[in-house]
Amino acid sequence: MEENTMLELRDIRKSYFIGTPNEFEVLHGINLKVNKGEFVAIVGASGSGKSTIMNIIGALDRPTSGYYNLDGVDIATANDNELSRIRNKKIGFVFQTYNLIARTSALKNVELPMLYAGMPASERKERARELLSIVEMEERMNHNPDELSGGQKQRVAIARAMGNDPSIILADEPTGALDSKTGRLIMDIFHDLHQNHGKTIILITHSPELAEECQRVVTLSDGEIISEGRGKNALS
């Protein structure tokens, strides 16, 4: 893998019901490289394979065949313990549904990945405060999720994704449950993380408009990449 490449997918295929009469292939040989510090959108309609490719990139699922290297680690051959460590340390997840822990403060939610990583309590708390400050949620850090709006929950989720300073942030439809104004605020945070904090970001979306804001737009259809183009923020 080239030095500047953060992740590489090579001929990734994913099938279900393998060996049965109704076996079907969802991904048909995906080839994709993402460089360090790049902001890439993967866009496609429902059923195009976006969720499947997100689960594979996020080490939540294994490909049926093909090669996947993330930050120097061969994901396809990694064991379950290694995959768990990779998900915790190398990947920051942001989901459409936030996935925050109820009856737990914003601060404690952000601390959670750091707790799993074994970071000392005082260090966790300080870093969680810093991250909530970046997403302008420091004043709500003692509030539980049910006391926060959708946009505030997503900001907490983004701060949590940054907890262990991951190699890559994987955002799955992060504005899907939000109104357009709040979604705009969330996208601005991603642009800030990319431009001012050097984060590599992959945005999974069905929205061509959001995808167009990224440096590169990868379009999926029926389990295949049908086009790659430059977004409005493409490097010249």
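Please read these numbers as outputs of a predicted model, since none were measured by experiment. Hydrogens, waters and symmetry mates are skipped; everything else that's a heavy atom, side chains included, is used.
Around CD of Glu82, the count of heavy atoms belonging to other residues, nucleotides or ligands within 6.0 Å exceeds 12. No more than 12 heavy atoms of other residues, nucleotides or ligands lie within 6.0 Å of CD in Glu136, so this atom counts as exposed by the packing criterion. Within a 6.0 Å sphere centred on NE2 of His206, other residues, nucleotides and ligands contribute 12 heavy atoms or fewer. Counting non-hydrogen atoms of neighbouring residues, nucleotides and ligands closer than 6.0 angstrom, the CG atom of Asp222 reaches no more than 12 such neighbours.
Applying the side-chain hydrogen bond (donor to acceptor under 3.5 Å, both in side chains) rule to Glu25 yields the partners Arg13, His28; only residues at least two apart in sequence or on another chain are considered. Applying the ring pair (Phe, Tyr, Trp, His ring centres under 6.0 Å) rule to Phe93 yields the partners Phe95; only residues at least two apart in sequence or on another chain are considered. For Phe39, the ring pair (Phe, Tyr, Trp, His ring centres under 6.0 Å) criterion is met by His191, His194, not counting sequence neighbours.
Two different hydrophobic clusters hold Phe190 and Leu185 under the rule that ILVMFWY side chains link at heavy-atom gaps under 4.5 Å. In terms of hydrophobic clustering, with Ile, Leu, Val, Met, Phe, Trp and Tyr side chains grouped at heavy-atom distances under 4.5 Å, Leu170 and Val156 are assigned to different clusters. Both Ile53 and Leu83 belong to a single network of hydrophobic side chains, linked directly or stepwise wherever heavy atoms of I, L, V, M, F, W or Y lie under 4.5 Å apart. Connection of Leu210 to Ile186 is established within a shared hydrophobic cluster, with ILVMFWY side chains joined at heavy-atom distances below 4.5 Å, either directly or through further cluster members. When hydrophobic clusters are built by joining Ile, Leu, Val, Met, Phe, Trp and Tyr residues whose side-chain heavy atoms come closer than 4.5 Å, directly or via intermediates, Val43 is not grouped with Val218.
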List the steps, then state whether side chain to side chain contact (heavy atoms under 4.5 Å, CB included) holds for Arg216 with Glu228.
CA-CA 7 Å; Arg216 186 154 56 102; Glu228 286 194 51; 2.6 Å; yes
Val110 vs Met162, test: side chain to side chain contact (heavy atoms under 4.5 Å, CB included). Steps then yes/no.
CA-CA 8 Å; Val110 176; Met162 294 277 287; over 6 Å; no
Given the rule in the side chain to side chain contact (heavy atoms under 4.5 Å, CB included) test, do Ser227 and Thr219 qualify, once you have shown the distances and angles that lead to the verdict?
CA-CA 5 Å; Ser227 70; Thr219 304; 3.3 Å; yes
Chi angles and distances behind the side chain to side chain contact (heavy atoms under 4.5 Å, CB included) call for Ile134, Leu193
CA-CA 9 Å; Ile134 288 172; Leu193 293 177; 4.2 Å; yes
Given the rule in the side-chain hydrogen bond (donor to acceptor under 3.5 Å, both in side chains) test, do Asn142 and Ser105 qualify, once you have shown the distances and angles that lead to the verdict?
CA-CA 5 Å; Asn142 294 317; Ser105 71; 5.1 Å; no
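Between Leu7 and Ile57 there is a side-chain heavy-atom pair separated by less than 4.5 Å. You'll find the side chain of Ser84 stays beyond 4.5 Å of the side chain of Tyr116, heavy atoms only. With a 4.5 Å cut-off on side-chain heavy atoms, Glu38 and Lys36 do not count as touching. Within the 4.5 Å cutoff, the side chain of Lys14 has heavy atoms near those of the Asp61 side chain. Two residues are said to be in side-chain contact when any heavy atoms from C-beta on lie closer than 4.5 Å; Leu100 and Arg160 meet this criterion. In this structure, the side chains of Met6 and Ser167 come closer than 4.5 Å at one or more pairs of heavy atoms. Residues Ile42 and Thr205 fail the side-chain proximity criterion, which asks for heavy atoms closer than 4.5 Å. Side-chain contact check for Met137 versus Leu131: every heavy-atom pair is 4.5 Å or farther apart.
Under the 3.5 Å distance criterion, the side-chain polar atoms of Thr175 are left unmatched by any main-chain donor or acceptor of Leu178. A distance-only check finds no donor-acceptor pair linking the side chain of Arg230 to the backbone of Val217 [under 3.5 Å]. Formation of a donor-acceptor pair under 3.5 Å by the Asn164 side chain with backbone atoms of Lys90 is not found in this model. Judged by distance alone, with hydrogens and angles left aside, the side-chain atoms of Asn69 form a donor-acceptor pair with the main-chain N or O of Gly72 at under 3.5 Å. Although no hydrogens or angles enter the test, the distance criterion places no donor-acceptor pair under 3.5 Å between the side chain of Ser15 and the main chain of Ile18. No donor-acceptor pair under 3.5 Å is formed between the side chain of Gln195 and the backbone N or O of Asp192. Distance alone, capped at 3.5 Å, is enough to place a donor-acceptor pair between the Glu23 side chain and the Gly19 backbone.
Residue Gln215 holds its CD atom at 12.5 Å from CG of Leu203, rounded to the nearest 0.5 Å. For the atom pair OG1 of Thr77 and CZ of Arg62, the computed distance is 8.5 Å after rounding to the nearest 0.5 Å. A distance of 6.0 Å separates NZ of Lys199 from CD1 of Ile169, quoted to the nearest 0.5 Å. Atoms CE and NZ, from Met54 and Lys50 in turn, are 11.0 Å apart once rounded to the nearest 0.5 Å. If you take CG on Asp11 and OH on Tyr68, they are separated by 16.0 Å, rounding to the nearest 0.5 Å. Atom-to-atom distance recorded for Ile91:CD1 and Ile202:CD1 is 9.0 Å, nearest 0.5 angstrom.
Remark: the Asn109 side chain and the Thr104 side chain contain no N/O donor-acceptor pair separated by less than 3.5 Å. A donor-acceptor pair shorter than 3.5 Å cannot be found between the side chains of Ser48 and Ser221.
Checking each of Leu220, Leu9, Ile12 against Leu32 for a side chain to side chain contact (heavy atoms under 4.5 Å, CB included) leaves exactly one that passes, namely Leu9.
In terms of heavy-atom proximity, Leu132 sits nearest to Met141 at CD1-CB, 3.6 Å. Listed here is the closest heavy atom pair of Thr200 and Gly37: OG1-N, 2.7 Å. The shortest heavy-atom contact between Gly49 and Leu27 is O-CD2, 3.9 Å. Between Pro166 and Gly92, the shortest heavy-atom distance links the atoms CB-N, 3.5 Å. Contact record, Ile101 with Pro145: O-CG, 3.4 Å, taken as the closest heavy-atom pair. The shortest non-hydrogen separation linking Ala128 to Leu107 is CB-CD1, 3.6 Å.
Applying the salt bridge (Lys or Arg N to Asp or Glu O under 4.0 Å) test to residues at least two apart or on different chains, the pairs with a partner in residues 102-114 are Glu111-Arg124. Among pairs with a residue in residues 149-159, none fulfils salt bridge (Lys or Arg N to Asp or Glu O under 4.0 Å), at least two apart in sequence or across chains. Among pairs with a residue in residues 175-188, those fulfilling salt bridge (Lys or Arg N to Asp or Glu O under 4.0 Å) read Arg184-Asp188, Arg184-Glu213, at least two apart in sequence or across chains.
Between Lys125 and Glu123 there is no salt bridge, since no side-chain nitrogen of the basic residue lies less than 4.0 Å from a carboxylate oxygen of the acidic one.
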